[in-house]
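For reference, the structure discussed in these notes is given below.
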Number of protein chains: 2
Amino acid sequence: MTLYFDLSQTLPDAGPAPVGHDVGFCQQCEVRTSAICAVLAKDERAALNRLGRRVTICAGQTVMWEGDDATIVANVIQGTLKLSASTGDGREQIVGVVYPSDFIGRPFGRSTPHRVTALTDARLCLFTRGAFDGFARANPDLGHRLLQRTLDDLDRARTWMLLLGRKNAREKIATFLLDMSRRLATDGREPLDSFELPLSRQQVADVLGLTIETVSRQLTDMKRAGIIALPNRRTVDLLDRDRLVWCAEAA
Amino acid sequence: MTLYFDLSQTLPDAGPAPVGHDVGFCQQCEVRTSAICAVLAKDERAALNRLGRRVTICAGQTVMWEGDDATIVANVIQGTLKLSASTGDGREQIVGVVYPSDFIGRPFGRSTPHRVTALTDARLCLFTRGAFDGFARANPDLGHRLLQRTLDDLDRARTWMLLLGRKNAREKIATFLLDMSRRLATDGREPLDSFELPLSRQQVADVLGLTIETVSRQLTDMKRAGIIALPNRRTVDLLDRDRLVWCAEAA
DNA sequence: CGGTGAGTTGAAAGCAATCAAATGGCGTGG
DNA sequence: CCACGCCATTTGATTGCTTTCAACTCACCG
């Protein structure tokens, strides 16, 4: 099997090389119940496993470039990544943030529309697009699960368009914090009242269509107002969720 | 079959009531080669036809409201519709514009995420969600076509996020005009150099995250610069596509 | 203990929003 | 056929939010 992925990019200290074709892989996979593979029967999963390969990547590494031939797709097993688009002169917009069990890449298409970059060290379950496409066509359940996920992504993207087009800086920051508190709640389903941002200030700005200075100022204002606390650069405590919700809609 | 659609909303002068279950319907359908139904075999299409119903709606009518129980989905046969989201205090963002052969509604989900409103008089091929969902699950090809369409929509939405978050008014208008010249080219594949906007100035503003005054000013400026001509309120002629492309990226 | 880079704060500028008024196309009714 | 009113759009003046440019703070690390 040819791997369309530059393994020189993987973590040097990633431990032993991925075992690759070991069928046991999926049985212990952290995201086996939540990724799209969850719908597969045991033997189907084994077949898919034979097509895939686990890779570990470092924070900051780009996995796919926009405009690339779409040669790979992947499930996120661990870590956080961003999808981004940019203008010719370098302005950047983050168009999506993906978490464990999310799916990345553009199946059934010629080229990858957006850049995919790791925000933290991450582990992916990687497939060549051709192999994945074939498997998905042959397994309607998998295709259906992918459809549901894509529909959800589309809803989320469109909801974010309202934020980008019509909300002011205060509302953007408040909405963003509430969204993070929900998205980062992996297990308990309860939105978190304290969490660690996987994003730098600049990246928050790139998600919200703002500048880093505006993000910083808004966060400071909210801190002064007692709505949030910022114990360190990456941690956010939501002290007054009600007021934050109010900020998010009617700043 | 129960119809979850208020037929009192349909055009009073829509002519004879829809024939509904006539199998011949699909054979002459204007979008039979481009809508998602195109992948179906003749007998499958007949089966789907039995589930659907054609309706005609007037410009300005809303077909689905955000937050509604998702009870219907539809193919657009004729006309243009908008998908929109809005804040509590009434600011609106158009998150999508749909044309003939596009699919609307939220299959496989509880509730409709966005409002769908006709921009022009329009004809839809309407299904109850439950019936459509069942049919799509039983016909993987249809599901796959829907997946491809949804993936395309997602790519387009994310590309638009770059515009909303990072482009200035001039770039937004230029990008919008170029996009329209491509999307409105129904047959010839060639982008049009003259076209009729299906949107009012306010609606253009709602697509771009601007105010109506800013839209008007930018169009006037471009007219003065000889880049476009505006023979009447709805018509746009692209006089200098090269310069427009330049505006779109580096205003 | 200085160096580095992320983040914060301050001052000023700029772009789009807001408020307000004028224009112009179009249909109705005289 | 023309006058009128309505409404979408344009144009003008001003405001103000976010950006820009610049300096400073702070945590972390050799």
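Below, read A as the first sequence line, B as the second, and so on, with proteins coming before strands; counting in each chain starts at 1.
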Inset, instruction - Compute whether any side-chain donor of one residue and acceptor of the other, for Arg233(B) and Ser200(B), lie under 3.5 angstrom apart. - result: no
Inset, instruction - Check the distance between dT20(D)'s C1' and Arg91(A)'s CZ and give it to me in whole angstrom. - result: 14 Å
Inset, instruction - Return the set of residues passing side chain to side chain contact (heavy atoms under 4.5 Å, CB included) with Ile212(B) (not counting sequence neighbours), or none when no residue passes. - result: Arg201(B), Gln202(B)
Inset, instruction - Using whole Å, report how far CZ of Arg166(B) lies from C1' of dA16(C). - result: 16 Å
Inset, instruction - Calculate the interatomic distance between Met222(A) atom CE and dT8(C) atom P; express it in whole Å. - result: 14 Å
Inset, instruction - Give a yes/no answer on whether the side chain of Thr214(B) brings an N or O atom under 4.0 Å of OP1 or OP2 in dA17(C). - result: yes
Inset, instruction - Starting at atom CG of Leu210(B), determine the distance to atom C1' of dT18(C), rounded to an integer number of angstrom. - result: 14 Å
Inset, instruction - Figure out the CD/C1' separation between Gln218(A) and dT19(D), and round it to whole Å. - result: 13 Å
Between protein and nucleic acid, restricted to nucleotides 6-10 of chain D and to nitrogen or oxygen atoms under 3.5 Å apart, what atom pairs and distances do you find?
residue, atom, partner, partner atom, Å
dA8(D), N3, Arg233(B), NH2, 3.2
dT9(D), OP2, Arg201(B), N, 3.3
dT10(D), OP1, Arg201(B), NH2, 3.2
dT10(D), OP2, Arg201(B), NE, 2.9
dT10(D), OP2, Ser216(B), OG, 2.8
dT10(D), O5', Ser216(B), OG, 3.0

Inset, instruction - Measure the distance from CG on Asn168(A) to P on dA16(C) and round it to the nearest whole Å. - result: 17 Å
Legend entry - Presence of salt bridge, Asp152(B) and Arg106(A), under 4.0 angstrom: yes
Legend entry - Set of residues satisfying side chain to side chain contact (heavy atoms under 4.5 Å, CB included) with respect to Asp242(B), sequence neighbours excluded: Asp240(B)
Inset, instruction - Find the distance Asp221(B):CG to dA16(C):P and express it as a whole number of Å. - result: 11 Å
Inset, instruction - Take the protein atom CZ of Arg170(B) and the nucleotide atom C1' of dG14(C), then report the distance between them rounded to whole Å. - result: 15 Å
Inset, instruction - Say whether Asn232(B) and Thr235(B), considering side chains only, have a donor N or O and an acceptor N or O under 3.5 Å apart. - result: yes
Legend entry - Check: Arg166(A) and Glu92(B) side chains under 4.5 Å, non-hydrogen atoms: no
